Amino acid sequence: MMVITSSTWAQKRKRIREYGIKIGVLPTGKENAITDVAGVQVGQVTLSKGNDIRTGVTAILPHTGNLFQEKVPAAVFVGNGFGKLAGTTQVLELGNLETPIILTNTLSVATAINAMIMHTLQQPGNEKVQSVNAVVGETNDGGLNDIRGRHVTEKHVLEAIQKARPNAVEEGNVGAGTGTICFGFKGGIGTSSRKLPASLGGYTVGVLVQTNFGGVLQVAGAPVGEELEKFSFRQQILEKADGSCMIIVATDAPVDSRNLERMAKRAMLGLGKTGGIASNGSGDYVVAFSANPALRIPHEAKEKTQTTALLRNDEMSPLFMATIEATEEAILNSLFKAETTLGKDKTKVEALPLDKTLDILKKHHVIRP
């Protein structure tokens, strides 16, 4: 099996900003990626063999320390619940995250949980740990991947964690996005970020997505899916509208689980702006966390109380806007970077046709001379 952990896929295609497409009004971070949030790292393992195996793992680490001993505030929002996002109830109940977030395919969730338990138990300082809440998200890549073969192993999950770096994030046919399909085109991994100006706090919001859902594609408001005549509810559309989208939102702003949930809700607005419809068979989930070091929650403490400074509700609107913009752009980046893929049963999923798409965007003045 060929295991790809570096830049192999999707290097010829560009991110949307390189084509002159601008989403929203807020500036991006340096890498325009979730890793612009200080401390956040991403690692990916891509599995490809013959025509049948198209899958992988994407790991998101909120910080580089021992997450179990230094938990981070977190929240989950369910846009549509046809999915298998493990670990949600404890996050909802306690408002924190104690493991990396793993994204993979539907039938590999249990494998990823086992790997995360192993990862946590083996970390120095966790010798007495007897309970681990692993957070694992998924989308179903069975259209291109031999999903029943369950080719993702615990070793691959641990490797993705080990490969995590605070650098630019690969997009398109990589990691958990290797076998995904979005709006009828090849989907994948995408990311983006927004940096608030100093007058609004100077905080960063980063988003990473695993796109595998349906709808009518729009790019900065332009009806791309409609004009390409490839969209849900055309021909056998009801069967093809389903899918899923995993959205991970990170910030360095001092916000607790309650306001992180409010941010997570806004991520679904970003999905909607791309034309996603959160259909009946779609698992659309958002996991949001704050990587702000001052908000870390110790597993054990002598003090009975914890005092932290939190952003006021009245200061949240800029973070909401940043989340919406970064989510929309991350989804579009996943499409623009993804390559045409041949997979299981000789199934071929075409990439978004860039020439035709760019012509449509020029026609609708999204791209200006």
Side-chain angles (χ1 to χ4, degrees), residues 9-10 12-16 19 21 23 51 54-55 79-80 82-83 105-106 138-145 147 171-174 176-190 209-247 268 270-284 327-361 363-364 366:
W9 292 97
K12 295 181 181 178
R13 294 167 67 95
K14 301 176 183 179
R15 309 180 81 192
I16 65 169
Y19 294 106
I21 304 165
I23 299 297
N51 290 328
R54 298 288 184 269
T55 193
N80 193 71
F82 201 131
N105 71 61
T106 305
E138 53 79 31
T139 70
N140 194 310
D141 56 16
L144 285 167
N145 175 50
I147 193 169
E171 297 168 295
N173 303 38
V174 292
T178 303
T180 61
I181 303 169
C182 188
F183 295 114
F185 302 104
K186 183 66 188 71
I189 295 296
V209 297
Q210 176 193 19
T211 59
N212 193 49
F213 61 95
V216 186
L217 175 61
Q218 297 182 39
V219 178
V224 172
E226 184 176 359
E227 297 203 14
L228 289 176
E229 298 186 342
K230 189 157 188 173
F231 55 93
S232 301
F233 308 111
R234 181 181 180 87
Q235 298 177 345
Q236 300 167 340
I237 41 176
L238 289 177
E239 290 78 19
K240 297 181 179 179
D242 291 338
S244 297
C245 188
M246 283 299 310
I247 304 173
M268 288 300 297
L271 183 146
K273 291 186 72 174
T274 67
I277 59 173
S279 62
N280 174 70
S282 191
D284 303 302
T327 302
E328 181 181 4
E329 185 161 342
I331 291 170
L332 296 177
N333 277 334
S334 77
L335 286 160
F336 273 69
K337 288 289 286 181
E339 295 274 2
T340 296
T341 300
L342 182 67
K344 183 188 70 176
D345 298 329
K346 297 183 179 180
T347 300
K348 186 178 183 181
V349 178
E350 299 284 347
L352 181 70
L354 293 182
D355 290 344
K356 293 180 179 179
T357 298
L358 294 175
D359 285 342
I360 293 170
L361 296 179
K363 170 185 170 183
H364 290 274
V366 172

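Since the structure is predicted, the reported quantities are computational estimates derived from the model, not experimental observations. Sequence positions, counted from 1, serve as the residue numbers for this chain.
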Q: Kindly determine whether L335 and L217 satisfy side-chain contact (heavy atoms from CB on, under 4.5 Å), including the steps that lead there.
A: CA-CA 10 Å; L335 286 160; L217 175 61; 3.8 Å; yes
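- Closest of all the heavy-atom pairs between T178 and T55 is OG1-O, 3.4 Å.
- Contact between F185 and L228 at its shortest, heavy atoms only, is CZ-CD1, 3.8 Å.
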Q) Passes side-chain contact (heavy atoms from CB on, under 4.5 Å), K186 versus L144? Steps please. A) CA-CA 10 Å; K186 183 66 188 71; L144 285 167; 4.0 Å; yes
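- Under the side-chain hydrogen bond (donor to acceptor under 3.5 Å, both in side chains) criterion, S334 pairs with T211, not counting sequence neighbours.
- For the residue pair L352 and R13, the shortest heavy atom distance occurs at O-NH2, 2.8 Å.
- Residues passing the salt bridge (charged side-chain N to carboxylate O under 4.0 Å, His left out) test with K344: none are found, sequence neighbours excluded.
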Q) Does the side-chain contact (heavy atoms from CB on, under 4.5 Å) test come out yes or no for F183 and T274, once each step is laid out? A) CA-CA 10 Å; F183 295 114; T274 67; 3.6 Å; yes
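- Residues meeting the salt bridge (charged side-chain N to carboxylate O under 4.0 Å, His left out) test with K356, sequence neighbours left out: none.
- Side-chain N or O atoms of T180 include none that pairs as donor or acceptor with a backbone N or O of D141 at under 3.5 Å.
- Residues passing the side-chain hydrogen bond (donor to acceptor under 3.5 Å, both in side chains) test with K348, sequence neighbours excluded: none.
- Listed for the E171 side chain is no donor-acceptor partner under 3.5 Å among the backbone atoms of N333.
- Side-chain contact between Q210 and I247: absent, with no pair of heavy atoms (C-beta onward) separated by less than 4.5 Å.
- The side-chain heavy atoms of Y19 and T357, taken from C-beta on, include no pair separated by under 4.5 Å.
- A pairwise comparison of heavy atoms in C245 and V209 identifies SG-CB, 4.5 Å as the closest pair.
- Using a 4.5 Å heavy-atom cutoff, the side chains of I181 and N212 are in contact.
- In terms of heavy atoms, L271 sits closest to I277 at CD2-N, 4.4 Å.
- Interatomic distance, I21 CD1 to K14 NZ, rounded to the nearest 0.5 Å: 11.5 Å.
- Between the side chain of N80 and the main chain of N280, a donor-acceptor pair closer than 3.5 Å is present.
- No donor-acceptor pair under 3.5 Å is formed between the side chain of N140 and the backbone N or O of S244.
- Looking at E138 and M246, their side chains never come closer than 4.5 Å, going by heavy atoms from C-beta outward.
- What you find for A222 and V366 is that their closest heavy atoms are CB-CG2, 3.9 Å.
- By the salt bridge (charged side-chain N to carboxylate O under 4.0 Å, His left out) test, E328 is found to be paired with K273, residues two or more places apart in sequence or in another chain being considered.
- Considering only residues two or more places apart in sequence or on other chains, D284 meets the side-chain hydrogen bond (donor to acceptor under 3.5 Å, both in side chains) condition with S282.
- For the pair R54 (side chain) and L342 (backbone), a donor-acceptor distance under 3.5 Å is present.
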